[in-house]
Amino acid sequence: MRLAVVDTERCVGCQQSMFACVRRQGEAGLAKTCIAVRSVGGTERGFVVIVCRACDDPPCAKVCPTEALVSRKGGGVRLDSEKCIGCGHCQGACPIGAIFWDEETNKPMICVHCGYCAKYCPHTVLELEREEAEHVER
Amino acid sequence: MLNDDPLANVLYIDLSKRSYRVAQRQDLFEKYVGGAGVAVQLLEEECPQGCDPYGPHNPIIFAVGPLTGLFPLASKTVAMFKSPHTGNLGESHCGGRSAVALRMAGYGAIVINGTSDIPVYVAIHDGRVHFRDASVLWGMGSRFTVGRIIRENEPGSGLRTIMRIGRAGEQLVSYASVTTETYRHFGRLGLGAVFGCKKLKAVQISGKRSLPVADQKQYRTTYDEIYKTAVSSSAMKKYHDLGTPQNVLPLNDLGALPTRNLKEVRFEGVSNVSGETLAEQFLGRRLACSHCPVACIHVAALREPYEDEPYFYKTSMISYDYEPIYALATMLGVSDNRGFLELMDEVETVGVDAMSTGVILAWATEAMERGLISEKETLDLELSWGNHRAYVEAVRRIVSQPNDFYRALARGVKHAADQYGGADFALSFGGNEMPGYHTGPGAHVGALIGARHGHLDNAGYSLDQKAAATELPTPEKLVAALMAEEEWRQVLSSLVVCFFARGIYTQEIVSETLRSAGFELSKEDMEKIGMMIHRNKYRFKIREGFSLDDVRLPKRIFETESPIGMLDKAYFQDALSHFKNMLLASES
């Protein structure tokens, strides 16, 4: 399963997904969000949604010196927090900026593709794709 | 409130000294919750009695509430100041990203005092206040460029608000607005002019933090309840589909849509400027405030040719709402919807309140029609119903103020009528230009006694519509209903819940949401707080010279039939005296 950004043109910039991601982690506010919605450059031009796109061969994992980022079945990565030394190389390696930073733990925060945010996207910008996972397994 | 909630932090900024400090004000938030309740208290503390609204001692106060960042639709920032437009209580609410950004920056309220000697903008992030030279931005014509430059120079993409003024604020037009996120405004009562006289071009606020909640499980349950209602109720769906302009046709059918300076209440060109037509022909994008799933902001895409070159176009994105349609289309007899959008765009570009501007231009048009003013005053501009090109130029002149006439227009319709006559058809209440409802006595009495003299104070138009279907309440009952509504709205605007969501945030839901934020308030507590805040506002108004004995009703409202017939002056006098008695009774 992976989270897909289906159509950013439908995005109204409500940021419900960001708040949902944080709630899913048992928090409130925005510090822990693993998804970002920002305007393209002024709200008149619409929005971009930044979130891990579950690469099959993730560059962030390739640059991790301690193997704290492990490729996840179905794409993307899983963080082994104990191994992570907080060097931030992964952030630099992700060209779409989808590695967020936890200032509290000084470690990366990356979407785990749980799909919770998609449930709170009122305009079908986000969707949890199940078929994709099967496709990868084949 | 919860001990570790950063809401208690009040940031005090002094533009004269370029300094700032943070004070812990649990006292205020525990007593008044947040938003309007806290802001009026800070205004009382910070604004010296009788202070010049254009002077350095007029404070700007922004406040949010405990639910901001926790629950959907708690998305408004309340601004308080002394209004340069009415010379009294200034209060204006704005959405966009302002509320969430302020809360995420780690504050419950911001107080801005003093005056800068050079144009500045203030950037608030990472617990610091940065004073930036805004000389380059001052006088800039484009409303998009200022936002873009600040966006490029400051951090916090997606997590920030940029509140800014246009040329009207710089030129101290008394009803200049402050714009955030391009399409939302602190529109009414002239906050833009207060920014302008402080030489404050913009305020940028950003942040990202965790917020405490009392009980995670209960928090998520309450959240889901609100979210579900917000995305499924028909009340919210109408705001999403056509937005506020869905009211244009029903109000016209009702005979309550002020047209040509309220000489009429139905507009023959209404189908061109209805929510339906604007959506079909122009709707280019819908937008939402941060943490609101509704997305009521409707933005038109207007493609216009350049006249000097063939096949050369620009596409402007212009937001529209019911009130601007009333003020800039029907009040001015503008049935050409492209013309309306062009006028709307100019209003946004210079940064003036759309409602005040429309009412002022409607008065000027009628004054010209009656020969009170001529081309001599307008400097050869023919202000006539439907002439949108002349209105666009008039808006520019209200800002550039080339003569006494435009200087008068820049101070509001009451001031202009004092100079040139025509007070009978100068549609202002308590010095503020009228909102778009000639529904009956509720709307006008409501605007008269409302603390802000606006339609959102107590929604009198809604009482009128109920009365039209049944019968007119006695003046006493009308006033009691208006006051009850206005008092409850003090609670909502202290939680900074958008008034569009008032149907969702019932007293029970408010109690539940507040529990997550560590407040235990019963129904009675809330009623008490609402009343207390309302009286605090009135106490400030009276301190600053407001008197119900001075309020003036424009004769025009008695000359044009409303859906419940011709209005009766005696009814209004009766209503006013009941209001006075109720205020006095509660004070004693």
Side-chain angles (χ1 to χ4, degrees), chain A residues 5 7-51 96-106 109 114 116-126, chain B residues 6 69-72 75 96-97 100-101 103-104 144 147-148 151-152 156-160 162 180-184 207-213 216-217 219-220 223-224 227 230-232 236 240 284-297 299 301 315-319 516-517:
Chain A
V5 180
D7 184 359
T8 53
E9 288 301 320
R10 295 178 67 108
C11 181
V12 295
C14 69
Q15 305 186 319
Q16 285 288 151
S17 54
M18 295 164 65
F19 287 99
C21 180
V22 174
R23 273 198 319 287
R24 172 77 172 80
Q25 300 172 64
E27 282 242 7
L30 286 174
K32 307 278 168 156
T33 184
C34 300
I35 182 167
V37 176
R38 61 167 177 80
S39 74
V40 173
T43 51
E44 68 275 12
R45 297 193 206 159
F47 298 92
V48 285
V49 180
I50 302 160
V51 64
I96 59 169
I99 313 255
F100 297 85
W101 205 255
D102 188 333
E103 299 296 339
E104 215 174 355
T105 61
N106 194 37
M109 303 185 297
C114 71
Y116 191 75
C117 58
K119 288 188 200 159
Y120 292 88
C121 173
H123 306 298
T124 356
V125 177
L126 301 169
Chain B
L70 291 187
F71 290 100
S75 48
R97 293 210 177 119
V100 168
R103 183 96 160 101
M104 288 292 104
F144 295 105
R148 182 178 59 73
R151 271 201 302 278
E152 286 171 3
S157 175
L159 301 164
R160 62 188 166 190
I162 303 174
T180 74
E181 288 64 85
T182 314
Y183 298 116
R184 295 292 92 183
K208 196 177 181 184
R209 67 180 52 240
S210 294
L211 294 173
V213 288
Q216 268 294 338
K217 196 164 163 250
Y219 166 54
R220 280 167 68 167
Y223 191 104
D224 286 346
Y227 180 81
V231 294
S232 61
M236 298 315 277
H240 174 68
R285 198 174 279 291
R286 281 189 293 206
L287 303 172
C289 295
S290 184
H291 216 169
C292 168
V294 177
C296 76
I297 307 165
V299 185
T315 300
S316 307
M317 300 299 282
I318 305 158
S319 102
S516 289

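Each chain gets a letter, A, B and so on, in the order its sequence line appears, and its residues count up from 1.
- Chain B is approached within less than 4.5 Å, heavy atom to heavy atom, by A:Gln15, A:Gln16, A:Met18, A:Phe19, A:Arg23, A:Arg24 from residues 15-24 of chain A, ordered by number.
- Checked by atom type and distance alone, the side chain of B:Arg160 pairs as donor or acceptor with a backbone atom of B:Arg151 at under 3.5 Å.
- One distance of note links CD of B:Gln216 with CD of A:Gln25; it measures 10.5 Å at 0.5 Å rounding.
- Donor-acceptor pairing under 3.5 Å is recorded for the side chains of A:Tyr116 and A:Tyr120.
- B:Leu287 touches chain A through backbone and side chain together, each having a heavy atom under 4.5 Å away.
- Between A:Glu103 and B:Lys208, no side-chain nitrogen of the basic residue sits less than 4.0 Å from a carboxylate oxygen of the acidic one, so the salt-bridge criterion is not met.
- Looking only at heavy-atom pairs under 4.5 Å with chain A, the residue among B:Gly207, B:Gly69, B:Ser210 that has the most is B:Ser210.
- Note that CD1 of A:Ile50 and CZ of A:Phe100 are 6.0 Å apart. Values are rounded to the nearest 0.5 Å.
- Heavy atoms of A:Glu104 lying under 4.5 Å from chain B are absent altogether.
- At least one donor-acceptor pair closer than 3.5 Å links the side chain of A:Thr33 to the backbone N or O of A:Ile35.
- When each of A:Asp7, A:Val5, A:Val37 is checked for a side chain to side chain contact (heavy atoms under 4.5 Å, CB included) with A:Val125, only A:Val5 meets the rule.
- Residue with the most contacts toward chain A among B:Lys217, B:Glu181, B:Arg220: B:Arg220 (heavy-atom pairs, distance under 4.5 Å).
- A donor-acceptor pair is defined here as one N or O able to donate and one able to accept, closer than 3.5 Å; no such pair exists between the side chain of B:Tyr219 and the backbone of A:Glu27.
- Although no hydrogens or angles enter the test, the distance criterion places a donor-acceptor pair under 3.5 Å between the side chain of A:Arg10 and the main chain of A:His123.
- Counting heavy-atom pairs under 4.5 Å between each of B:His240, B:Met317, B:Arg209, B:Arg103 and chain A puts B:Arg209 at the top.
- Proximity to chain A is limited to the side chain of B:Val231, based on heavy atoms less than 4.5 angstrom apart.
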